Asks: 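Can you read through this structure? Questions will come right after.
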Amino acid sequence: MRVPEKYLKPYDHTQAEPTVYRKWESSRYFNPDTLAAGDSDTQTPSFSIVLPPPNVTGTLHTGHALGLTIEDIMVRFHRMNGNKTLWLPGTDHAAIATQSKVEKELAKDGVRKHDLGRDAFLEKVREFAQNSHDTIVNQVKKMGASVDWSREAYTLDEQRSVAVRTVFKMMYEDGLIYRGEKIVNWDPKGQTTISDDEIVYQEEKTKFYYLKYGPFTIGTARPETKFGDKYVVMHPDDKRYEKYKHGDTLEIEWINGPITTTIIKDESIDMEFGTGVMTITPWHSAVDFQIAEKHKLDKEQIIDQYGKLLPVAQEFAGIKITEAREKILEKLKEKGLFIKEEDYTHNIATAERTGGIIEPQIMKQWFIAVDTPFTLRTSHLDGIKSGATVTLKQLMRHVVEKGLTEILPERFEKTYFHWIDNLHDWNISRQIWFGHQIPVWYRSTNAHGRQNGTPSDSRGVETYVGIEPPEGNGWEQDPDTLDTWFSSGLWTFSTLGWPLDDARGKPTLQPDGTINPESDLGIYHPTSVLETGYDILFFWVARMILMTTYTLGTIPFKTVYLHGLVRDKNGRKMSKSLGNIIDPLDLIETYGTDALRMSFIVGNGPGNDLNLSEDKIRAYRKFANKLWNITRFVLEQTEETDDTKPDNLSETDTAYIQELETLTANVTNQIKEFKYHFASDNLYHYVWHTFADIILEQEKKILSEGNETEKTSARYTLRHILRTSLILLHPFMPFITEEIWQDIKREDDRDLIVTRWPLSK
RNA sequence: GAUCCUUUAGCUCAGUGGUAGAGCGUUUCGUUGACAUCGAAAAGGUCGGUGGUUCGAUCCCACCAAGGAUCACCA
């Protein structure tokens, strides 16, 4: 065997990486079905991961690259261990995120979505999403991700839409999805409601005003909402206001003239804050809303959906609240109702995607009830029987509490429980166009007469909830769409085909409704690991647990592995405004995917944020080159070796191989225990500082001075250690190891990606 | 306000109940016939502070300090 010429030059990842990926893809190694022929053992347990579907809002960032690296390590390791391994890719339509992105793009040309209309606008969004999708797929490939492209899914494709509508109908029938008039988070900028989790609090310095309200002094930061305030609330134990009784009424002079106000005593009032007295605006404050509900008080809307004052404000009607404040203060001063103002710092709620300032509103919206007991159809969960009465919150808590699903690092379990305890009913309807339209249809009974089986409310509107549109005329579908996390909550099982057929055409469910064990769902679900960033623990991980336990009565995954944020080298979050965003593709171009992957993994424990420095990546590019040169040396020295173990292996060589076996055992355990930072670091040091610095140098002497027996022993040892190192390094640095493997493998060896791990059964 | 995390060499970070490790950087020497380099070696840390448990703590516990994150939120 001659040493290939490429080894006379430094390792060129730009040459090797695309070629190697194409080879894997064309050999269909990523698809467990084509592998089963001989590369993977169908008897072993399956190993499955779903790719956290990237949003089709543009391109992948370094955080995605980190996740892809960790997931690919898991997947390659298990594939090499003979598990029937599936890594299922896909993308997320990301509803609001994508729509607002496209709206911004259109705004650059002065186009608004209403100019286009729903259908034409959606066409634009689809086009944009398709472009993003194509970019993302290319990036995923660049990272070396061994995902099964034949099973690729999209949260908004037809199969996933059926899953969404099916779950919606189930939950509606179980009384878990309901339409209600409640206080919600209205985003005036995005013109939609959002869930509590989509709120970002931002600190704001403002003024706090003291106003004369009859005999009381009330404090407020928002005088512009106070027109309709006709209840004044204080703590029942507050001695200062003893003489006022709950329910008493007073005639007082207020902003636009005299009003009648009613005294309300409520324990939720903080006596220490301000004067201990406040007026309430139930339509535009969650806390006030609760007080109003509790005491059955009137609620009145003050601000419209565009953030303008309504006629109740009289002379201020039609003015934007941001402009109204000063004018109202002026009037209060004129009327002698203004007492004083103070500096005040508080947090205001903004919408995650649009940045709009949230204005709470009472609106008719769809919700998922998290505290409502229902009968769980089927349960395979330890500790909960089929037919048991539970709440969604209890299900979510149960699986983690009982260890059915394990969260790594463990400390996030506490965070998870805390979130569940504070969870309110989930507002799932959005007033945007892009997404799964709510599978509910309405028609007036006045025109068509009442139908059987469809409920009709007091105003004579029939409601139909179904997977397919209803028969008959006059039905109109609810114009709202679903929160994007509704569809991504189904991701582990909707991608495997539920409730129809899987990607191989096998029915997911058997006629009796149980899961077909031959289907993808039967084979790969629950999935083995969910790997994602800790920043979407609530958004996504918790929602998947909710949706899966409810729908299938199983956990969605056995282990949740959370990685941290990728920051810049100074530890700052990457953001457009800071201009410190690093494109993973640039790093790959310069240093190679293998180097980038190693720099993500070495020294980065689970759940810890990672500061990305190019020095570190450069160090691992050097490591790749080191491996390349080790190979050059070994190939040059072992041209006539056939890789059979010689009978007379020298004592030193035996010791070297023993040491390698210890390393193999350690690395294997570390990977099994999710300690990739140990495994990669150990491999790095072994290859460089033991194999290259010590073993190779010793063998060099033997190869020039030793006798034939010693030389044979040395040649075998060098090749054996190199071969084994390549196998062990492959999950971490898949490209260069496969590239080298092609030049050192035996005739009957398979490609490295499907070569058996040394300790696998 | 609640909870959690971090605090280890100049920088960025691993790590262990028994006299501290890596990468980058710095200094010296060597090599340039595996290595657009590499090798050998050196300097550099009272492992945030104070107590406690222990034969022994950087590692366990308590408290304190600084920085950060998440959640909640007061009108």
Side-chain angles (χ1 to χ4, degrees), chain A residues 3 7-12 196-197 199-201 208-211 218-223 225-226 229 232-234 266 268-281 284-288 291 344-349 409-423 534-535 537-538 564-565 567-573 598-599 601-605 607-637 675 677-678 680-682 684-685 688-689 692-694 696-697 699-700 703 718:
Chain A
V3 180
Y7 288 99
L8 303 180
K9 288 184 291 183
Y11 173 59
D12 180 6
D196 297 343
D197 294 289
I199 287 179
V200 178
Y201 287 98
F208 191 73
Y209 308 96
Y210 289 88
L211 307 176
I218 60 159
T220 181
R222 298 196 61 190
T225 65
K226 295 283 146 198
D229 288 9
V232 59
V233 193
M234 59 214 71
D266 193 278
S268 63
I269 299 297
D270 181 357
M271 289 188 268
E272 307 296 316
F273 189 86
T275 56
V277 183
M278 70 172 196
T279 61
I280 57 169
T281 316
H284 301 290
S285 155
V287 176
D288 295 1
I291 293 173
Y344 183 53
T345 306
H346 70 154
N347 290 330
I348 53 166
E410 209 180 329
R411 64 184 139 96
F412 285 104
E413 293 192 355
K414 213 166 183 174
T415 322
Y416 173 82
F417 291 133
H418 184 251
W419 177 80
I420 291 178
D421 294 341
N422 284 300
L423 187 63
Y534 65 72
D535 51 330
L537 178 62
F538 308 138
L565 252 54
R567 299 169 176 277
D568 74 0
K569 65 175 178 180
N570 300 315
R572 297 176 309 177
K573 227 171 175 170
M598 280 296 273
S599 71
I601 299 303
V602 178
N604 181 237
N608 290 342
D609 290 355
L610 169 80
N611 296 354
L612 191 65
S613 95
E614 293 206 28
D615 279 347
K616 192 173 172 189
I617 311 174
R618 198 174 292 122
Y620 291 104
R621 181 179 61 179
K622 275 161 72 177
F623 177 61
N625 197 50
K626 186 78 182 178
L627 193 60
W628 191 249
N629 281 299
I630 291 171
T631 306
R632 171 178 171 181
F633 178 80
V634 172
L635 288 176
E636 280 171 353
Q637 298 299 323
K675 293 175 179 167
H677 58 306
F678 280 139
S680 53
D681 202 30
N682 282 341
Y684 172 87
H685 283 97
W688 199 313
H689 300 300
D693 289 351
I694 299 171
L696 201 138
E697 292 299 327
E699 304 289 26
K700 194 189 281 180
L703 288 169
L718 283 173

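Only heavy atoms go into these numbers, but all of them, side chains included; no hydrogens, no water, no symmetry mates. Proteins get letters first, then strands, A, B, ... in listed order; numbering begins at 1 in each. Just so you know, these numbers come straight off a predicted model, no measurement behind them.
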Asks: Please answer whether the main-chain N or O of A:His418 pairs with a side-chain N or O of A:Asn422 as donor and acceptor at a distance below 3.5 Å.
Replies: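 Yes; judged by distance alone, with no hydrogens or angles, the pair exists.
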Asks: I'd like to know if A:Glu697 reaches the base of B:A40 with its side chain, counting only an N/O donor and acceptor under 3.5 Å.
Replies: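 Flag unset: no donor-acceptor pair detected.
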Asks: I'd like the P distance from B:G1 over to B:U54, given in whole Å.
Replies: 36 Å
Asks: Between B:A65 and B:G49, how many Å separate the two P atoms, rounded to a whole number?
Replies: 15 Å
Asks: If we take the P atom in both B:C13 and B:U50, what is their distance in whole Å?
Replies: 25 Å
Asks: How long is the line joining NE2 of A:His346 and C1' of B:C73, in whole Å?
Replies: 11 Å
Asks: Can you give one letter per nucleotide of nucleotides 5-15 of chain B, going 5' to 3': B for a protein heavy atom under 4.0 Å from the base, S for sugar-phosphate only, - for none?
Replies: S------SSSS
Asks: Contact class for A:Asp615 vs. all strands (heavy atom < 4.0 Å): base, sugar-phosphate, or nothing?
Replies: sugar-phosphate
Asks: Starting from P on B:A69, measure out to CZ on A:Phe538 and report it in whole angstrom.
Replies: 15 Å
Asks: NA contact type, A:Asn625, heavy-atom cut-off 4.0 Å: base, sugar-phosphate, or nothing?
Replies: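 Sugar-phosphate contact only.
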Asks: Using the P atom as the reference point in each nucleotide, state the distance between B:G39 and B:U31 in Å, no decimals.
Replies: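 One P to the other, the span is 16 Å.
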Asks: Atom CG of A:Asp421 to atom C1' of B:A72: distance rounded to whole Å?
Replies: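 From A:Asp421 CG to B:A72 C1': 13 Å.
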Asks: Distance check, P atoms only: B:A72 and B:A2, in whole angstrom units.
Replies: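 Comparing P positions in B:A72 and B:A2 gives a spacing of 16 Å.
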Asks: Mark yes when over 12 heavy atoms from residues, nucleotides or ligands other than A:Glu697 sit less than 6.0 Å from its CD; otherwise mark no.
Replies: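 Enclosed: over 12 neighbouring heavy atoms sit under 6.0 Å from CD of A:Glu697.
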Asks: With rounding to whole Å, what would you report as the distance between B:G45 and B:A9 at their P atoms?
Replies: 10 Å
Asks: What does A:Ala692 touch in the nucleic acid at a heavy-atom separation under 4.0 angstrom: a base, only the sugar-phosphate, or nothing?
Replies: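 Counting heavy atoms under 4.0 Å across all strands, the contact made by A:Ala692 includes a base.
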Asks: With a 4.0 Å cutoff (strictly under), does any side-chain N or O of A:Tyr534 reach OP1 or OP2 of B:A69?
Replies: no
Asks: Can a donor-acceptor pair under 3.5 Å be found between the side-chain atoms of A:Asn347 and the base atoms of B:C73?
Replies: yes
Asks: Nearest whole angstrom, please: distance from the P of B:A34 to the OH of A:Tyr11.
Replies: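 Rounded to whole Å, this separation is 22 Å.
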Asks: Which listed nucleotide (B:A34, B:G39, B:C71) is nearest to the side chain of A:His418?
Replies: B:C71
Asks: So A:Asp609 and A:Tyr534, do their side chains get closer than 4.5 Å, heavy atoms only?
Replies: yes
Asks: Can you find a side-chain donor-acceptor pair between A:Ser268 and A:Asp266 that sits under 3.5 Å?
Replies: yes
Asks: Could you tell me the separation between the CG atom of A:Asp197 and the C1' atom of B:A72, rounded to a whole number of Å?
Replies: 12 Å
Asks: Roughly, in whole Å, what's the span from OH in A:Tyr620 to P in B:A22?
Replies: 12 Å
Asks: Categorize A:Val233 for me: base, sugar-phosphate, or nothing, with a 4.0 angstrom heavy-atom threshold over every strand shown.
Replies: nothing
Asks: If we only count heavy atoms from C-beta on, is the A:Leu627 to A:Tyr11 side-chain gap below 4.5 Å?
Replies: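 A:Leu627 does not reach A:Tyr11 side chain to side chain.
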Asks: Kindly point out which of B:A69, B:C24, B:G23 is positioned nearest to the side chain of A:Lys622?
Replies: B:C24
Asks: Check the distance between B:C74's P and A:Asp270's CG and give it to me in whole angstrom.
Replies: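 Taking atom P of B:C74 as the reference, CG of A:Asp270 is at 11 Å.
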Asks: Can you identify which nucleotide, out of B:A34, B:C38, B:U3, has its nearest atom closest to the A:Trp688 side chain?
Replies: B:C38
Asks: Describe the nucleic acid contact of A:Gln637 in one word from base, sugar-phosphate, nothing, applying a heavy-atom distance below 4.0 Å.
Replies: nothing
Asks: Measure CZ/A:Arg621 against P/B:G23 and give the value in whole Å, please.
Replies: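 Rounding to the nearest Å, CZ of A:Arg621 and P of B:G23 are 17 Å apart.
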Asks: At 4.0 Å (heavy atoms only), tell me whether A:Lys414 reaches a base, stays on the sugar-phosphate, or touches nothing.
Replies: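 Sugar-phosphate contact only.
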Asks: Could you work out which one of B:G23, B:A34, B:C74 sits closest to the side chain of A:Phe273?
Replies: B:C74
Asks: Could you tell me whether A:Leu565 contacts a base, only the sugar-phosphate backbone, or nothing, with contacts defined as non-hydrogen atoms closer than 4.0 Å?
Replies: nothing
Asks: Kindly say whether A:Lys9 contributes a backbone atom to a donor-acceptor pair with the side chain of A:Trp628 at under 3.5 angstrom?
Replies: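 Yes, the answer is positive, given that a donor and an acceptor are paired below the 3.5 Å cut-off.
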Asks: Name the one of A:Val232, A:Asp229, A:Asp270, A:Asp288 that satisfies side chain to side chain contact (heavy atoms under 4.5 Å, CB included) with A:Met278?
Replies: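 Among A:Val232, A:Asp229, A:Asp270, A:Asp288, the one that satisfies the side chain to side chain contact (heavy atoms under 4.5 Å, CB included) with A:Met278 is A:Asp288.
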Asks: Could you work out the separation of B:G25 and B:U12 based on their P atoms and round it to a whole Å?
Replies: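 Looking at atom P only, B:G25 and B:U12 are 16 Å apart.
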Asks: Can you tell me, in whole Å, how much space there is between the C1' of B:G48 and that of B:C5?
Replies: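 Nearest-Å result for B:G48 against B:C5 at atom C1': 15 Å.
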Asks: Could you spell out the base pairing of RNA chain B as a dot-bracket line? Use Watson-Crick and G-U wobble contacts where both distances are under 3.5 Å, [ ] for crossing pairs, | for partners on a different strand.
Replies: (((((((..((((....[..)))).(((((.......))))).....(((((..]....))))))))))))....
Asks: Measure the spacing between CZ of A:Phe538 and CG of A:Leu423 and express it to the nearest 0.5 Å.
Replies: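 Taking CZ in A:Phe538 and CG in A:Leu423, the distance rounds to 10.0 Å.
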